[in-house]
2 protein chains.
Amino acid sequence: MTAADRVYQIIRKRILDGQYPAGSYVREAAIGQELELSRTPIREALRRLVSDGWVEAIPHHGAQVVSWTQRDVEEVFELRVLLEPQVARRAATRIERSQLDKLESLAMRMEALCREGRENALEEIAVLNDDYHARLMAAAGSPRLQRLLETIVQVPVSRRSFHHYTRDELAGSMHHHRELLRALGAGDGDWAASVMRSHLLAARAAQLRFAACVEEAGAGVASMSRRG
Amino acid sequence: MTAADRVYQIIRKRILDGQYPAGSYVREAAIGQELELSRTPIREALRRLVSDGWVEAIPHHGAQVVSWTQRDVEEVFELRVLLEPQVARRAATRIERSQLDKLESLAMRMEALCREGRENALEEIAVLNDDYHARLMAAAGSPRLQRLLETIVQVPVSRRSFHHYTRDELAGSMHHHRELLRALGAGDGDWAASVMRSHLLAARAAQLRFAACVEEAGAGVASMSRRG
DNA sequence: TCGAGTCGAATTGCATACAATTATAATGCG
DNA sequence: CGCATTATAATTGTATGCAATTCGACTCGA
């Protein structure tokens, strides 16, 4: 692995974590100095981040971390609703027993964390959930579909719909994982795709509810500041 | 526009034209010398080509032009059948009169070329066809969907399904363009999506037929060379 | 006081030189 | 004669220096 690869992952992680907030500039010289590297590998990493849609390159001015509007979030959901059911459909006729077992184990661990209801259980569930979807994608056996989704679904943690779920919605999500396993086990692509679609539409609904809530609060704050 | 941008377009064009055949290596030094540039902008262009899936970067060895297998072609069709109907669906409720007129003009010119049946009419039709689809995409108003498709649909000319159409299939394709215009004019997303789907499935069928033909010919040649 | 123009600082874009790595081919050994 | 090993050449990976461009602040004029 080259230095540029490492820098790429470091910067991406910082964007995801919110360490580099939306709208801020990622300076080649600053990062190079911090990581004790020249600007060259930093530049390469930034160009990759540009093509992956994480930052926007403004000629001769810098690399700006992209801002996510509600419209962007909706656009991503629209694409996921198109593509991810296809992942499930393909996986249904291709997945092997061992992979299916692994998915089941992940589902079980998520359910356990869900029941437990600890403090930062959500974060752990999110990690397992990512693993679940990644393995499903691998089972689908379509490198292009995988690449497309990988460039799309990655979203800053602050935007993860997971964190806006009610207790019921979280339980429903766990149920989807289970049902998807049954559909996969039955080799039923239509069923699998349908479950995945429901899974995503549920997530979208939760996100929309959250966005409306934020919108209202924002309006409230705005009007208050206007009054003040 | 920077030098790296120009290099990117030059190399991509050469890959499309078959000037850089699949499997060959694109050397930084060679292109730099030819274009009288240093390796730096060449490198940037190559990295972009890698993320766009045109070449494969082999660490410390070079950038290799990707080879398209029949499986790759099928994968691309599968994705297009998912995504492009959505383009049509979105466009149906968003397109404006002026854009619609422009599409109609393009469709007319393609039909004229088709009737004319000149020697290299196919090439001209292909250009107009690309324009038609690009404008439709613009009318859909989804930058992400556009980016996704742009990175997917570009395919070396030698692979364009257009060139494998029978006369009837070409006429059918023209008819699809017309029907899509009617659907868009009616603002009917379902209709538009359905027409686009047919359009793509027809293209896929033509490509499959062509592939089978090549396969057979290849087998024949192979057996002949075995005999010889 | 406001606006236009100009100058300067900051940042990226590109060229060049060097280091690291890998494939290849020659060579020595079994 | 075949295989492993090593040396070499070719290529990419990285560092550094300079050029080009842009943005912002300051000055000058109305």
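Quick note on labels: first sequence line is chain A, next is B, and so on, each numbered from 1.
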Review item, nucleotides 6-9 of chain D N/O atoms under 3.5 Å of protein N/O:
none

Got a list of protein N/O to nucleotides 13-15 of chain D N/O distances below 3.5 Å?
unit_1	atom_1	unit_2	atom_2	d
dG13(D)	OP2	Arg43(B)	NH1	2.9
dG13(D)	OP2	Arg43(B)	NH2	3.0
dG13(D)	OP2	Arg47(B)	NH1	3.3
dG13(D)	N7	Arg39(B)	NH2	3.0
dG13(D)	O6	Arg39(B)	NH1	3.1
dT14(D)	OP1	Ala3(A)	N	2.5
dA15(D)	OP2	Ser38(A)	N	2.8
dA15(D)	OP2	Ser38(A)	OG	2.8
dA15(D)	O5'	Ser38(A)	OG	3.4
dA15(D)	N7	Thr40(A)	OG1	2.8

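For Gln99(A), the side-chain contact (heavy atoms from CB on, under 4.5 Å) test picks out Ile95(A), Glu96(A), Ala139(A), with sequence neighbours left out. Scored by the side-chain contact (heavy atoms from CB on, under 4.5 Å) test, Glu78(A) finds Gln86(B), Arg90(B) as partners (sequence neighbours excluded). Listed by chain and residue number, nothing satisfies the side-chain contact (heavy atoms from CB on, under 4.5 Å) test with Ala138(A) (two or more places apart in sequence, or in another chain).
One atom, CG of Leu35(B), and another, P of dA15(C), lie 11 Å apart when rounded to the nearest Å. In this structure, the CG atom of Leu46(B) is 12 Å from the C1' atom of dT11(D), given to the nearest Å. Separating the CD atom of Gln33(B) from the P atom of dA15(C) is a distance of 13 Å, rounded to the nearest angstrom. If you take NE2 of His61(B) and C1' of dT21(C), they are 12 Å apart, rounded to a whole angstrom.
Listed by first then second residue, pairs satisfying salt bridge (Lys or Arg N to Asp or Glu O under 4.0 Å) with a partner in residues 132-146 of chain B read Asp72(A)-Arg144(B), Glu75(A)-Arg144(B), Asp131(B)-Arg135(B), not counting sequence neighbours.
Using a 4.0 Å heavy-atom cutoff across all strands shown, Val7(B) reaches no nucleic acid atom at all.
The closest side-chain donor-acceptor pair between Ser98(A) and Asp101(A), if any, does not fall under 3.5 angstrom.
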